[in-house]
Each structure stands twice: as structure tokens, then as C-alpha cells.
Amino acid sequence: MQRKTARIPGTVGSTTLLIGTMSLALVLGLGSMNFWDQPNEEITMWTSRLGEGMREVPAGGVLVFAAVMAYLTVFLILSSPGLWRKWVIWLSLMLLAMGWIPVLALASWKLAPCMPIAAGLWSGICAFVYAKRHELPCEKQHSLPGVELKSVREVLVVDQSPKQENG
């Protein structure tokens with residue numbers, strides 16, 4: 001016999017702040033230990049083949065990119081009902097983040113991409129774990145058994161033409 005347990009109600013705002021901050025702290029901590037130096041060097045060596053004189057993206061720009069990936073990933077995943085939508089959002093954000101590497105290289109910018117990509121990966125994993133264990137506000141409308149919600153638009157048409165009397 002299967003036992004079905006109710007999931008704990010979850011929130012989006014505070015969870016986004018907590019998971020995003022944790023992801024950002026993780027990548028910054030690893031960055032302070034020079035963990036990203038070797039992979040960043042290999043990726044930028046690959047993109048530097050496009051030409052000489054590439055400018056470095058400032059560390060503040062990389063940090064902003066990592067913060068956007070950390071917070072936006074969690075917010076979008078927790079705001080979307082359905083597992084397949086969450087996967088599509090997460091994979092799309094990761095592909096967009098990786099897609100900026102050659103785009104910036106063509107514009108003669110060298111981006112150290114490991115921090116933003118790792119922030120998006122870690123925050124996405126944490127958001128999936130949280131969404132699995134909690135009932136999110138966006139999923140409450142989909143959890144009613146046997147009830148199908150549809151958007152209904154009613155239009156009332158009133159005949160405004162003058163009435164003719166027979167007489």
C-alpha cells in the first residue's frame with residue numbers, strides 16, 4: 001500500500017534569495033582558492049585563437065553575470081509549474097550562458113565563464129531539490145484532483161438597434 005504524504009508549502013522569494021546567495025558564495029569561495037583558474041585559462045585559450053588584442057571582461061562584470069545566473073535560475077525554476085518546464089528553463093539558461101563565450105570572443109572580449117556557469121548549475125540543482133520537496137504556489141492550481149482549470153472568456157452581445165413597433 002502506498003502512503004502519500006503532503007508536501008510542505010514552499011515560497012519563491014525568500015528561497016530565491018537563500019539559494020542564489022548560497023550559489024554565489026560557493027563560486028566566490030572556490031574562486032578565492034583559485035579553483036577556476038585552470039578551466040578559465042583553457043577556455044580563454046580556445047577563444048583567443050580568434051585574434052590578438054582581446055580585452056578581459058572586468059571581474060565586476062563576471063560577478064554580475066554570476067549573480068544573474070544564480071538568482072534568475074532559481075526564480076524561474078521555482079515560478080514554473082511542471083517538471084518539464086523547469087528542465088527547459090534550466091537547460092535554456094545554461095545554453096545561453098555558454099553561448100555568450102563565443103559571442104564575446106567575436107567581439108574581442110575574454111570572458112572567464114566558469115563562475116557564472118557553475119552558479120547556474122548549482123542553483124538549478126538546489127532549486128530542483130527544493131521544488132521536489134515543497135509545494136510551490138504555481139503548482140497549487142494544478143494539484144486539484146479531477147478538476148481541470150480552463151480560462152473562460154464570456155462576451156455579452158447586446159442588440160442596440162432601435163426596436164420598431166407594429167401598429
Side-chain angles (χ1 to χ4, degrees), residues 4-5 7-50 54 56-144 148-151:
K4 192 169 187 172
T5 60
R7 296 187 310 173
I8 303 166
T11 61
V12 175
S14 60
T15 306
T16 299
L17 288 174
L18 290 171
I19 292 176
T21 304
M22 181 187 62
S23 297
L24 202 53
L26 174 74
V27 297
L28 286 174
L30 289 173
S32 70
M33 295 186 303
N34 299 326
F35 184 80
W36 307 120
D37 290 348
Q38 181 66 29
N40 280 334
E41 189 62 36
E42 290 176 12
I43 292 171
T44 56
M45 186 176 60
W46 174 73
T47 58
S48 66
R49 289 189 222 165
L50 293 173
M54 295 183 76
E56 293 270 342
V57 173
V62 175
L63 183 61
V64 167
F65 189 24
V68 167
M69 286 299 293
Y71 292 107
L72 186 67
T73 303
V74 178
F75 178 75
L76 291 177
I77 287 174
L78 295 182
S79 298
S80 301
L83 184 62
W84 68 272
R85 288 181 185 168
K86 290 174 181 15
W87 276 104
V88 167
I89 287 171
W90 191 38
L91 293 175
S92 298
L93 283 173
M94 296 311 300
L95 287 174
L96 282 172
M98 287 184 252
W100 274 103
I101 299 167
V103 170
L104 288 173
L106 288 172
S108 294
W109 285 97
K110 251 197 284 188
L111 172 69
C114 291
M115 274 181 40
I117 291 173
L121 278 171
W122 184 251
S123 62
I125 290 169
C126 293
F128 273 107
V129 169
Y130 184 84
K132 179 71 175 166
R133 296 174 180 252
H134 294 81
E135 184 178 15
L136 299 170
C138 63
E139 293 174 342
K140 286 184 180 177
Q141 68 180 352
H142 297 286
S143 66
L144 300 173
E148 183 179 337
L149 299 176
K150 290 185 179 180
S151 177

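Values below: all heavy atoms of this structure, side chains included; hydrogens, waters and symmetry mates excluded. We're numbering straight along the sequence, starting at 1.
- Closest approach of Ile101 to Trp46, counting heavy atoms only: CG2-CZ3, 4.5 Å.
- In Trp122, the CH2 atom is not crowded: 12 or fewer heavy atoms of neighbouring residues, nucleotides or ligands sit closer than 6.0 Å.
- Leu121 and Met94 make their closest contact through CG-CE, 3.6 Å (heavy atoms, listed as atom of the first residue, atom of the second, distance).
- Considering only heavy atoms from C-beta on, Pro116 comes within 4.5 Å of Val62 through its side chain.
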Side-chain polar contacts of residues 22-29 - donor-acceptor pairs under 3.5 angstrom, sequence neighbours left out - could you list them?
unit_1 : atom_1 : unit_2 : atom_2 : d
Ser23  : OG     : Ile19  : O      : 3.0
Ser23  : OG     : Ser123 : N      : 3.3

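- Expressed to the nearest 0.5 Å, how far CG of Asp37 lies from CG of Leu30 amounts to 11.5 Å.
- Rounding to the nearest 0.5 Å gives a distance of 13.5 Å between CD1 of Ile117 and CH2 of Trp100.
- Considering every non-hydrogen atom in both Val12 and Ser79, the closest pair reads CG1-OG, 3.6 Å.
- For the side chain to side chain contact (heavy atoms under 4.5 Å, CB included) criterion with Thr16, the lone passing option out of Thr21, Val74, Leu72 is Val74.
- Distance CG/Asn40 to CG/Leu111: 8.0 Å, rounded to 0.5 Å.
- A heavy-atom distance below 4.5 Å is not found between the side chains of Trp90 and Leu76.
- Counting all heavy atoms, side chain and backbone alike, Ser80 lies closest to Ile89 at OG-CD1, 2.9 Å.
- The two atoms that bring Ala127 and Ile77 nearest to each other are CB-CG2, 3.8 Å, heavy atoms only.
- Proximity of Tyr130 to Thr11: side-chain heavy atoms (C-beta onward) are separated by under 4.5 Å at one or more points.
- In this structure, the side chain of Thr44 engages the main chain of Glu41 through a donor-acceptor pair within 3.5 Å.
- Leu106 is not listed as a side-chain neighbour of Val103, based on a closest heavy-atom distance of 4.5 Å or more.
- Looking at heavy atoms from C-beta onward, Pro58 lies in side-chain contact with Trp109 at the 4.5 angstrom threshold.
- In terms of heavy-atom proximity, Ile43 sits nearest to Cys114 at CD1-SG, 4.2 Å.
- Around CZ of Phe128, the count of heavy atoms belonging to other residues, nucleotides or ligands within 6.0 Å exceeds 12.
- The shortest distance between side-chain heavy atoms of Lys110 and Val57 does not fall below 4.5 Å.
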